[in-house]
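Working notes, structure below.
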2 protein chains.
Amino acid sequence: MNGDRKAISKAISLVENREEGYEDLLAALYPRTGRAFIIGVTGPPGTGKSTLVDQMVRLFRAQNLQVAVIAIDPTSPVSGGAILGDRVRMLDHALDQGVYIRSMASRGDEGGLSRGAKNSVRILDAAGNDIVIVETVGTGQAEVEIVKVADVIVVVLMPELGDEIQAIKAGLMEIGDIFVVNKSDLPGADRVIYDIDAILSEKHSGWKQIAMAVSSKTGKGLGALVESLKDYRNLQNSNATLAQRKERLKEEVIEAAVFSLAQTARKSISSDPELESLLERVGKRELDPEGAARLLSGEHARRLAANEVQREEK
Amino acid sequence: MNGDRKAISKAISLVENREEGYEDLLAALYPRTGRAFIIGVTGPPGTGKSTLVDQMVRLFRAQNLQVAVIAIDPTSPVSGGAILGDRVRMLDHALDQGVYIRSMASRGDEGGLSRGAKNSVRILDAAGNDIVIVETVGTGQAEVEIVKVADVIVVVLMPELGDEIQAIKAGLMEIGDIFVVNKSDLPGADRVIYDIDAILSEKHSGWKQIAMAVSSKTGKGLGALVESLKDYRNLQNSNATLAQRKERLKEEVIEAAVFSLAQTARKSISSDPELESLLERVGKRELDPEGAARLLSGEHARRLAANEVQREEK
């Protein structure tokens, strides 16, 4: 809580790997959280998110704010490790005690990214950071997850995106609060801003999505981005967003409960003596896989339902 | 089962949306499955997967094989619909009765992509297709999922990939059976092939990963790709891969059982009368979200465990 980097790193590892004692640590830290502003930065591959985050860190540091960055990398499905985990990034900030940078692998399991990232963000929050930036490649699943973690979502785009990236962009339009057209020194930037402007809409709690041209290279537009983030923060501290935050917390608690229950269920089902004979029947095509699954989960489901009935009777 | 397109489309929609009766449909079709060869095609955005799939379809059709394509598109996290759903693609094949093409959205829920896609593949298998191609953008979660669906994985790369794409590539190296360097008319193709060749390794059941240069534009290398797929198929029909397939089926059944149980658990937990008071305590920071989740799932978990003990006593 005094910002010791070694302690922070150790705490994040503990929570990330759900090692023994991580629950107690989170419980102990939780009362100290709620002060940091969590900025999610996402976008298609190649739009220059890391460089933009570097520049944002620079500006926040110039305002004497304490900043932490969590970079979530695409996971290797087999080894489960972060591919970019060992990349040497942001060397400029390496010696700055006011900046903490951490790479983290996205996980394959449900809610894995959001739980791991969310709890790591809480550690960085309790450690006294003013700003926590969570950076992730925005394609598919990761988009959904970052919404659960961050207070504000910055979507990074650039001119000259291919067709497939355009499709990814469409998905990002729905989650973004601020759209940054990065590399705005490239031709076509005006056109992209124009296109995005046309589809911006009023989001939750009175915030209207905005788009701005930025060049991480020349620094153009970076000041405006930081100002917009401040505007968002001020709005967020108003009462209007409280209901939304409460709803998100509720969803988090339900998800975590379901997740831990699903793990127990997996253990129980994997060791079910009926499993092998059902699989044999599936092998002979007497039974389909979904049917086998229904037979396996039936008994457990009945018990959960019975639990509910009992509660109602109380 | 006689290949009627309207019936196939209706069946896939039924299964995709888990509408009433989908379980019976899957159970009825399952005995007719197991004949089709499922080819997964994945790779970073912009590598020309769709054009390559078009060309593959053309070659398979020339061999008088019946082909179906499922294109899995990045999902819009809010609306849940497929972003590319309405794209007009493969107009060449639109009038060919031997080709069925379907767009599908990837889902946010655990195992959503693999279950939806897997069951749709089964419908297309039962409908008499010789080849089913499942095409998906390979970034993050989608990579993991396609391994569960396809018999063989074709990873599509191209020269001149940026740094971030290189990282995604690293993840794809582990899951690919055949690597296609597409757009091999571009400069740098030889270099990419050379780099990949250096890290190819022996995969499961004696298959060594291979890399080949292809140009969807000029048609170069397409014949070799189709030949390699045939080689893979022949290997797959040998006994060596049976154990692997059995393991995959087991994992599918367990996952489906856990998934359906998790859904029941979510319902039960969401309507738990304790939920609101726990959330209030979390709001006051007397309790952390994970702690609240543990209190919620505790009773259910105890019952699942009790179930296991009972079984052991039997």
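Chain naming here is simple, since letters A, B, ... match the order of the sequence lines and numbering starts at 1 in each.
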Exercise. Could you tell me which portion of A/Glu251 (side chain, backbone, both or neither) has an atom closer than 4.5 angstrom to a non-hydrogen atom of chain B?
Key: side chain
Quiz item: If you count heavy-atom pairs under 4.5 Å with chain B, which of A/Leu249, A/Leu275, A/Leu278, A/Thr33 comes out on top?
Solution: A/Thr33
Quiz prompt | Side chain / backbone / both / neither for B/Leu287 at chain A, heavy atoms under 4.5 Å | solution = backbone
Quiz item: chain B heavy atoms under 4.5 Å from A/Leu295: which part of the residue, side chain, backbone, both or neither?
Solution: neither
Quiz prompt | Whether A/Ser271 side chain and A/Lys267 backbone form a donor-acceptor pair below 3.5 Å | solution = yes
Quiz item: Quick one: do A/Glu276 and B/Lys250 make a salt bridge, cutoff under 4.0 Å?
Solution: yes
Quiz item: In terms of side-chain geometry, is the basic nitrogen of A/Glu23 or A/Arg18 positioned less than 4.0 Å from the acidic oxygen of its partner?
Solution: no
Self-check item: B/Arg32, CZ: over 12 other non-hydrogen atoms inside 6.0 angstrom
Solution: no
Quiz prompt | N/O donor-acceptor pair under 3.5 Å between B/Asp125 side chain and B/Gly34 backbone | solution = yes
Quiz item: At a heavy-atom separation under 4.5 Å, does A/Leu279 approach chain B through its side chain, its backbone, both, or neither?
Solution: side chain
Practice problem: Verify the neighbour count for atom CZ of A/Arg294: are there more than 12 heavy atoms of other residues, nucleotides or ligands below 6.0 Å? | Solution: yes
Self-check item: Under 3.5 Å: donor-acceptor pair, side chain of A/Lys49, backbone of A/Pro44
Solution: yes
Self-check item: Interchain contact, A/Glu290 with chain B, by part (heavy-atom threshold 4.5 Å)
Solution: side chain
Practice problem: Count the heavy-atom pairs under 4.5 Å between each of B/Gly291, B/Ala256, B/Ala27, B/Ala292 and chain A, then report the option with the highest count. | Solution: B/Ala27
Practice problem: Using non-hydrogen atoms and a 4.5 Å limit, figure out which bit of A/Arg122 sits close to chain B: side chain, backbone, both or neither. | Solution: side chain
Practice problem: For each of B/Asp288, B/Leu29, B/Val253, tally heavy-atom pairs with chain A at distances under 4.5 Å, and name the one with the top tally. | Solution: B/Asp288
Quiz item: Which atoms of A/Ser260 come close to chain B, meaning under 4.5 Å heavy atom to heavy atom: side chain ones, backbone ones, both, or neither?
Solution: side chain
Self-check item: Proximity breakdown for B/Glu252 and chain A, heavy-atom pairs closer than 4.5 Å
Solution: side chain
Exercise. For the pair A/Asn182 (side chain) and A/Val156 (backbone), establish whether a donor and an acceptor sit closer than 3.5 Å, ignoring hydrogens and angles.
Key: no
